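Structure record follows, encoded as structure tokens.
Chain A is the first sequence line, chain B the second, and so forth, proteins listed ahead of strands; every chain is numbered from 1. Only a predicted model underlies this, so the values are computations on that prediction, with no experimental measurement involved.
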Amino acid sequence: MSAITRDAASVITIEQAGQHDAQQVTLRGWLYNVRESGKLLFPIFRDGTGIIQGVCSQKEHPQAFEALRGLTQESSVIVTGIIRSEKRAPGGYEIGVTKVEIVQKVPESDPYPIQLKEHGVDFLLDRRHLWIRSPRQAAILRIRAEAIRAAREYMDGQGYTLTDAPVFTPAACEGTTTLFEVNYIDDQKAYLTQSGQLYVEATAMALGKVYTFGPTFRAEKSKTRRHLTEFWMLEPEAAYADLSDMMALGEGLVSHMVQSALKNRQRELETLKRDTAKLANVRPPFPRISYEEAIRILNEHGNSAKMGDDFGGDEETLLSSEYDRPVMVHRYPAAIKAFYMQPDPQRPDLALGFDMLAPEGYGEIIGGGQRVHDYDLLVKRLRENKLPEEAFQWYLDLRRYGSVPHAGFGLGLERTVAWICGTEHIREVIPFPRTIYRVYP
RNA sequence: UGGGGCGUGGUCCAACCGGUAGGACACCGCACUGUUAAUGCGGAUGGUGGUGGUUCGAAUCCACCCGCCCCAGCCA
């Protein structure tokens, strides 16, 4: 770096500009835009931490002026100047440019394709590697990073140990139609994981309270704003834990993620024009309603859902609109839930599971509950679901050797971040989204 | 996999009950010392997703194909 930053002491990032009022500093970044007004130029610089307006006078700094005049968008530049408080500048500060070093000029014959104008989704997604430079996309990615940091901070603080699950798996955990099959060594077949859950149950029996955090893959033909084929999931699991323990953990985790974003990424939420008043209430306790209560609420609002139905997008949106924070729906009918869900001893037709529904129509962000810990019952469920028992022998071992009641859940990172950011579509909250018809770039 | 919608210059759109494909932005030039996706004036480039059909004539009508978007199912 020293080759291009003679005086490292004065190099700052744009987000630090406010701490250097009236000082000479050097910024290293890219030219976001230039406005011309006679013998004054107003270049806008970005460096990944923010954007700042510059001012350059032809009369006072002719060399810098000539370097910037007509310079192409996204050319990389190192600029030196005086930071000053300026209420006419976006952000409240500007840099009076005295010196400009062009690191690479974007050629005029091949200009930066993304203009400061409206573009279609397909155009932008084809150029996702460049789109992420825009202030809005950069803000989203910073909020995503904060959500991950806060989630791990919370889990670690609750005594949970991170234990990673494999990406290659031998079989499905819930059916085979949505699995990505890959060629493994010597003509073996393997599948990309749909969930780390089965493995995290094993590590919970080894370490007590654990979680996984990693990518999961689903070859679902879903083409909605809530679906990706590759998404990240955080999955806690705890031995000797029950349904209510997991609902408490879920509300604590989600609250901490939201409150951390509000506290540490306020500027980015402003960039997104997110109505943060709607996030401020997201603190424990979250409402908990049973499936049967949920059906009653839906019916009172004219929805025709009846006992035994699973909830779709309409039902989720209607239910969540009743509350100012996420709502947890528990004890669904066992028939519509996964084979590993523990039945309610009071009501064996109900499963000790729960979903957490985010407000504002963002849908299910958590699904989980107690797992079947009885060997015979689990075998019965595997057979009922026509799952290959051989592939689940290791999973059955967990019920053979010191089985205990246990519970956990999966939190969908992108849905949670999409809700925090208030984005229209989930694909904006992951650096390089993978959807059913898109694997580029 | 169903239902609905959309493919027009580099980009975003208009023309679509058939009749000369147009605008804005971007780009280039000039003017402007406080601009806010700057503005004003001037200029050059460049397009109907593909194949076939109907017709004197197709961006427009028809068939098939390709691509994309939204919704549903499934799920996080």
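- Between B/G34, B/C71, B/C12, one nucleotide has an atom nearer to the side chain of A/K223 than all others, and that is B/C71.
- Nucleotide B/A21 is matched to nothing when pairs are restricted to Watson-Crick or G-U wobble geometry with both distances under 3.5 angstrom.
- A cation-pi arrangement is absent between A/R127 and A/W131, since the terminal nitrogen or guanidinium carbon is not both under 6.0 Å from the aromatic centre and inside a 45° cone about the axis.
- Using cut-offs of 30° and 60° on the angle between ring planes, the pair A/H119 and A/F123 is parallel.
- Under the Watson-Crick or G-U wobble criterion, with both distances below 3.5 Å, B/G2 is paired with B/C71.
- With a cut-off of 3.5 Å on both Watson-Crick or G-U wobble distances, the partner of B/U39 is given as B/A31.
- Environment of OH in A/Y323: crowded, with over 12 heavy atoms of neighbouring residues, nucleotides or ligands closer than 6.0 Å.
- Counting non-hydrogen atoms under 4.0 angstrom, A/E364 reaches the backbone sugars and phosphates but no base.
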Step-by-step side-chain hydrogen bond (donor to acceptor under 3.5 Å, both in side chains) determination, A/T203 to A/E237: CA-CA 8 Å; A/T203 60; A/E237 193 76 30; over 6 Å; no
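- Annotation: A/E15, atom CD; neighbour count of heavy atoms from other residues, nucleotides and ligands within 6.0 Å is above 12.
- For A/R35, whose side chain is taken as the heavy atoms from C-beta onward, the closest listed nucleotide among B/U35, B/U11, B/C25 is B/U35.
- With a cut-off of 3.5 Å on both pairing distances, B/U54 has no Watson-Crick or G-U wobble partner at all.
- To the nearest angstrom, C1' of B/C75 lies 16 Å from CD of A/E230.
- On the C1' atoms, B/C61 is 24 Å away from B/G3, given to the nearest whole Å.
- Below 30°, between 30° and 60°, or above 60°: for A/F311 and A/Y291 the angle between ring planes is below 30°, a parallel geometry.
- Between the C1' atom of B/C75 and the CH2 atom of A/W232 lies a distance of 20 Å, rounded to the nearest Å.
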Nucleotide by nucleotide, 5' to 3', does protein get under 4.0 Å of the base (B), only the sugar-phosphate (S), or neither (-) in nucleotides 27-33 of chain B, counting heavy atoms? -S---BB
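- Closest to the side chain of A/D314, out of B/A72, B/G10, B/U35, is B/A72.
- Pair assignment for B/G7: B/C66, on the basis of Watson-Crick or G-U wobble contacts that are both within less than 3.5 Å.
- Using a 4.0 Å heavy-atom distance criterion, A/L413 is classed as making no nucleic acid contact.
- In this model, the phosphate group of B/G10 is not approached by any side-chain N or O of A/H119 to a distance below 4.0 Å at OP1 or OP2.
- Minimum atom distance to the side chain of A/D122 is reached by B/C68, of the listed B/U35, B/A76, B/C68.
- Listed nucleotides B/G34, B/A72, B/A76 differ in distance to A/F231; the shortest reach to its side chain belongs to B/A76.
- Within the nucleic acid shown, A/N33 comes within 4.0 Å of sugar-phosphate atoms alone, with no base atom in reach, counting heavy atoms only.
- The distance from atom CZ of A/F45 to atom P of B/U35 is 19 Å, rounded to the nearest whole Å.
- Note on A/R226: a base of the nucleic acid sits closer than 4.0 angstrom, heavy atoms only.
- Residue A/R427 is in sugar-phosphate contact alone, with no base atom involved, counting any heavy-atom pair closer than 4.0 Å across all strands shown.
- In this entry the distance linking CD1 of A/I430 with P of B/A76 reads 16 Å, nearest Å.
- In this structure, A/K209 has no side chain to side chain donor-acceptor pair (under 3.5 Å) partners at least two apart in sequence or on a different chain.
- The shortest non-hydrogen separation linking A/P215 to A/T193 is O-CG2, 3.7 Å.
- One can place CG of A/L130 at 18 Å from P of B/G10, the figure rounded to the nearest angstrom.
- Across all strands, A/G363 comes closer than 4.0 Å to no nucleic acid atom at all (heavy-atom distances).
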